[in-house]
Amino acid sequence: TPPQSIWDHPVVKASYGDEEFLSYPSSTSQNGALRALHLIRRLRACHKVNPAQCQFNETETTELAQVVVRREFISFDPLARVRNSESWGWEQDTDGCCGFDLFSAVPVKHFSLFVDVLHDVAEAINATRLMQIEAKLEEYIDLFLKAFDTGHWSLWNGNNWTPVLSAAAAYW
């Protein structure tokens with residue numbers, strides 16, 4: 001039987017419905033977060049077009065969006081890799097060659113989608129934190145563009161970095 005509440009939806013139960021869920025530790029949790037963002041995007045679009053036909057009501061959708069925003073605001077730490085903390089890491093922790101590197105590709109994708117889907121909710125909850133996330137995304141897309149414009153090897157020699165970094169930048 002289909003879930004009667006958004007909190008019973010398999011995507012939500014496996015992600016933000018669990019109070020201990022963290023979006024960053026593994027590809028499984030990262031994908032769970034992306035699925036939850038997709039569910040919220042789909043439901044919010046449905047509520048704009050034909051609310052009576054939506055799988056879940058607008059109140060539950062808004063509640064889930066707020067939970068996601070609060071949880072992601074906690075997990076966002078722009079200096080995580082420098083401190084080796086348990087969070088989304090941004091900075092290169094090996095040779096520091098590139099700025100926008102294999103470590104930053106996943107958080108750029110994640111937070112680009114987060115801002116795209118939940119900007120209004122994030123701004124209402126904590127505009128300062130949202131601005132920090134947006135500033136970090138801009139810093140990293142600038143690093144990507146610099147690598148592109150200068151013909152840096154991370155994007156131009158056809159190695160395994162090129163598709164990973166390019167895909168992440170495309171989300172921005």
Side-chain angles (χ1 to χ4, degrees), residues 2-46 55-56 60-94 98-126 128-141 143-144 160-172:
Q4 299 301 305
S5 167
I6 200 168
W7 303 104
D8 295 328
H9 191 285
V11 165
V12 177
K13 285 174 79 169
S15 62
Y16 297 97
D18 175 356
E19 290 184 16
E20 296 189 21
F21 174 77
L22 300 170
S23 57
Y24 56 81
S26 70
S27 61
T28 300
S29 60
Q30 293 160 7
N31 287 333
L34 294 177
R35 286 184 188 103
L37 288 172
H38 172 77
L39 177 65
I40 293 168
R41 181 194 301 268
R42 182 174 55 81
L43 289 169
R44 291 178 89 191
C46 181
Q55 185 177 7
F56 303 110
E60 283 191 331
T61 303
T62 300
E63 289 170 359
L64 176 59
Q66 291 170 344
V67 165
V68 171
V69 167
R70 286 189 179 96
R71 196 84 54 83
E72 292 305 327
F73 276 176
I74 292 167
S75 78
F76 174 75
D77 181 355
L79 300 175
R81 199 163 286 286
V82 172
R83 290 191 292 271
N84 290 321
S85 73
E86 288 294 318
S87 183
W88 283 102
W90 293 83
E91 270 64 33
Q92 167 83 321
D93 68 348
T94 55
C98 312
F100 192 93
D101 59 22
L102 293 175
F103 292 107
S104 53
V106 173
V108 166
K109 174 183 175 181
H110 176 81
F111 279 103
S112 292
L113 291 169
F114 169 82
V115 169
D116 183 49
V117 174
L118 296 172
H119 188 276
D120 59 328
V121 178
E123 189 170 50
I125 290 176
N126 186 337
T128 302
R129 192 60 157 173
L130 175 62
M131 288 179 358
Q132 291 172 329
I133 292 170
E134 290 173 328
K136 193 59 148 177
L137 288 170
E138 286 185 33
E139 174 187 341
Y140 272 80
I141 200 61
L143 290 168
F144 174 85
N160 62 325
W161 286 42
T162 306
V164 174
L165 301 185
S166 298
Y171 281 96
W172 182 85

Can you find a pair of side-chain heavy atoms, one from [X] and one from [Y], that are under 4.5 Å apart?
X: Y171; Y: L113; answer: yes
X: K136; Y: Q132; answer: no
X: S166; Y: F144; answer: yes
X: R35; Y: N31; answer: yes
X: K13; Y: D18; answer: no
X: F111; Y: E134; answer: no
X: F56; Y: P3; answer: yes
X: V117; Y: H38; answer: no

For [X] and [Y], which heavy atoms make the closest approach, and how far apart are they?
X: V108; Y: L137; result: O-CD2, 3.8 Å
X: R71; Y: Y16; result: NH2-O, 3.3 Å
X: E63; Y: W7; result: OE1-NE1, 3.8 Å
X: G32; Y: V11; result: O-CG1, 4.4 Å
X: L118; Y: A65; result: CD2-CB, 3.7 Å

Would you mind checking if R44 and D120 are paired as a salt bridge, meaning a charged N to carboxylate O distance below 4.0 Å? yes
For the backbone of E123 and the side chain of R129, can you confirm whether one donor and one acceptor N or O come within less than 3.5 Å of each other? no
Distance-only, no hydrogens or angles: does the Q4 side chain make a donor-acceptor pair with backbone N or O of P2 under 3.5 Å? yes
Enter the distance from H9:NE2 to E60:CD here, rounded to the nearest 0.5 Å. 11.5 Å
CZ of R41 to SG of C46: how many Å apart, nearest 0.5 Å? 14.5 Å
List the steps and the verdict of side-chain contact (heavy atoms from CB on, under 4.5 Å) for K109 and L34. CA-CA 10 Å; K109 174 183 175 181; L34 294 177; 3.6 Å; yes
Begin from the C-alpha positions of Q30 and S23 and carry the test side chain to side chain donor-acceptor pair (under 3.5 Å) through to its verdict. CA-CA 5 Å; Q30 293 160 7; S23 57; over 6 Å; no
Using the side-chain contact (heavy atoms from CB on, under 4.5 Å) rule, take V67 and F21 through it: C-alpha gap first, then chi angles, then the decisive distance, then the call. CA-CA 11 Å; V67 165; F21 174 77; over 6 Å; no
Quick one: do L43 and I6 satisfy side-chain contact (heavy atoms from CB on, under 4.5 Å)? Show the steps, please. CA-CA 10 Å; L43 289 169; I6 200 168; 3.5 Å; yes
Parallel, tilted or perpendicular for F114 and H110, by the 30°/60° rule? parallel
Apply the test side-chain contact (heavy atoms from CB on, under 4.5 Å) to residues Q55 and R42: give CA-CA distance (whole Å), side-chain angles for both, the deciding distance (0.1 Å), then the verdict. CA-CA 10 Å; Q55 185 177 7; R42 182 174 55 81; 3.2 Å; yes
